[in-house]
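Quick note on labels: first sequence line is chain A, next is B, and so on, each numbered from 1.
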Amino acid sequence: MIRSACKRIGLSALNAVSKQIKSGCPSGLRPYSETGPRPHTSLYPVVSEGTWLEKNNYAQFDGWELRQLINFVAADDGVPEPEIIIEVLKGCRNNNDYALATRFLEVVRLKGGNKMSETWPYIMQEIGPTMQELGISTLKEMGYEEPELWLENVDDM
Amino acid sequence: KQPIWVAPSRNIALTSVNRDAPATTGSKAVLPGHEYYPGKEEYSPVIGHREIVGHGEIPYYTDSFTVPCPAIRFREVDEALGKLREKEKGDWKLLSLEDKKTLYRASFNSTLEEVRAPSGDWKRCIGDNAILMALMFLGVSVIGFADPQYEPKTVTNEWVDAQTEYLIKRRVQPVDGIASWYDYENNKFKPTWSIFTTKETSKSVKTLSEKE
């Protein structure tokens, strides 16, 4: 049932996407052909022919590319540097998305793994000023360093 | 306010495919923070009126550490949330903590710490197993002691006595076992053997030792 529904929606969506998507649509649903060079989601350096590499402009990214970047940060092996974190937070501010900023901070904290107690204070030290500038409250103030609500696990139902 | 992008007319073939979908082509009041986006009508049978924000051909929502930013927001937009979104466009220092939490829960179902939290399912597993074992012991005891037909013959004293006689003759387990508890010079069990006897068996043990 789900498969037939997905097929129907996929068919209509494919037809819709191929005809209707234009660059500059506000949010969501873009094909990969509409994205440009993507050095922020590749493990190897990306060179666009005929141009010099521009400085990372994560602050001018839109919500779609920011989310791709954050998913890549979660998948990659390492904690991002404070400069990158500051740019991403500025990008969240430009997109008027506060929830994404807190989600990104949670990801950065949990990428520390067993060394969370060493990496997280250092990163908070480095990005504290920008967070106060933008008005983002820390995870401790939100109460998201520990679980807040309990949700039954789907595997246990 | 006109939408930024307008959908062109659809083919007849597609309308036959979408016939089962609910009627979403009627004009709706556009709440603030909930503008039209491409795919809104096609995907509404699956995701409702939630906004698509990320990558995904058929967008769905999941909470996981490996994919922290899913393709859609979690909740649909109400009037209150629409007003919050307008407030979000301004200075974030004016947002209260409650506003920030509602904004987070509107986009995400659970925090990543809640994803990592343990479920405590091991208690249920051990408890269920304990109940089943108790039922098993109950059944064996009830059925085993009710009818001598269901009693295994290896439990009767005759069998055990013949078994011990055989074992002692063969001198099995001379270091730590039964032959070490039997005094072969005086042909009786050493006093430590008394631990394993009950009133019924002690009689048969005495007769055995007298036999030997």
Tell me, yes or no, whether the heavy-atom count around [X] atom [atom1], taken from other residues, nucleotides or ligands under 6.0 Å, exceeds 12.
{"X": "B/D176", "atom1": "CG", "result": "no"}
{"X": "B/M136", "atom1": "CE", "result": "yes"}
{"X": "B/F65", "atom1": "CZ", "result": "yes"}
{"X": "A/E81", "atom1": "CD", "result": "no"}

To the nearest 0.5 Å, tell me how far [X] [atom1] sits from [Y] [atom2].
{"X": "A/E145", "Y": "B/E113", "atom1": "CD", "atom2": "CD", "value": "7.5 Å"}
{"X": "A/T102", "Y": "B/K101", "atom1": "OG1", "atom2": "NZ", "value": "11.0 Å"}
{"X": "A/N95", "Y": "B/K89", "atom1": "CG", "atom2": "NZ", "value": "11.5 Å"}
{"X": "B/S110", "Y": "A/W150", "atom1": "OG", "atom2": "CH2", "value": "12.5 Å"}

Under 4.5 Å between any side-chain heavy atoms of [X] and [Y], yes or no?
{"X": "A/R109", "Y": "B/L112", "answer": "no"}
{"X": "A/I70", "Y": "B/P68", "answer": "yes"}
{"X": "A/Y98", "Y": "B/R85", "answer": "no"}

Could you tell me which portion of [X] (side chain, backbone, both or neither) has an atom closer than 4.5 angstrom to a non-hydrogen atom of chain A?
{"X": "B/R105", "answer": "side chain"}
{"X": "B/T111", "answer": "both"}
{"X": "B/F108", "answer": "side chain"}

Please determine, among B/L103, B/D121, B/V115, B/L95, the option with the most heavy-atom pairs under 4.5 Å with chain A.
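That would be B/D121.
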
Look at A/G143, A/S137, A/A99 and state which one has the largest set of heavy-atom pairs under 4.5 Å with chain B.
A/A99

Taking every non-hydrogen pair under 4.5 Å, which of A/E65, A/R103, A/Q68, A/R67 racks up the most with chain B?
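Option with the greatest count: A/R103.
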
Report which part of [X] has an atom under 4.5 Å of a heavy atom belonging to chain B: side chain, backbone, both, or neither.
{"X": "A/E152", "value": "neither"}
{"X": "A/D97", "value": "both"}
{"X": "A/L149", "value": "both"}
{"X": "A/E146", "value": "backbone"}

Give the ring-plane orientation class for A/Y144 versus B/Y104, where under 30° counts as parallel, over 60° as perpendicular and anything between as tilted.
tilted

Pair B/K100 + A/E141: basic N to acidic O under 4.0 Å:
no

Start with the C-alpha distance between A/L100 and B/S107, add both sets of side-chain angles, then the distance that settles side-chain contact (heavy atoms from CB on, under 4.5 Å), and finish with yes or no.
CA-CA 8 Å; A/L100 192 63; B/S107 291; over 6 Å; no

Provide the closest heavy-atom pair for B/D91 versus A/L134 in the form atom of the first, atom of the second, distance.
OD1-O, 4.5 Å

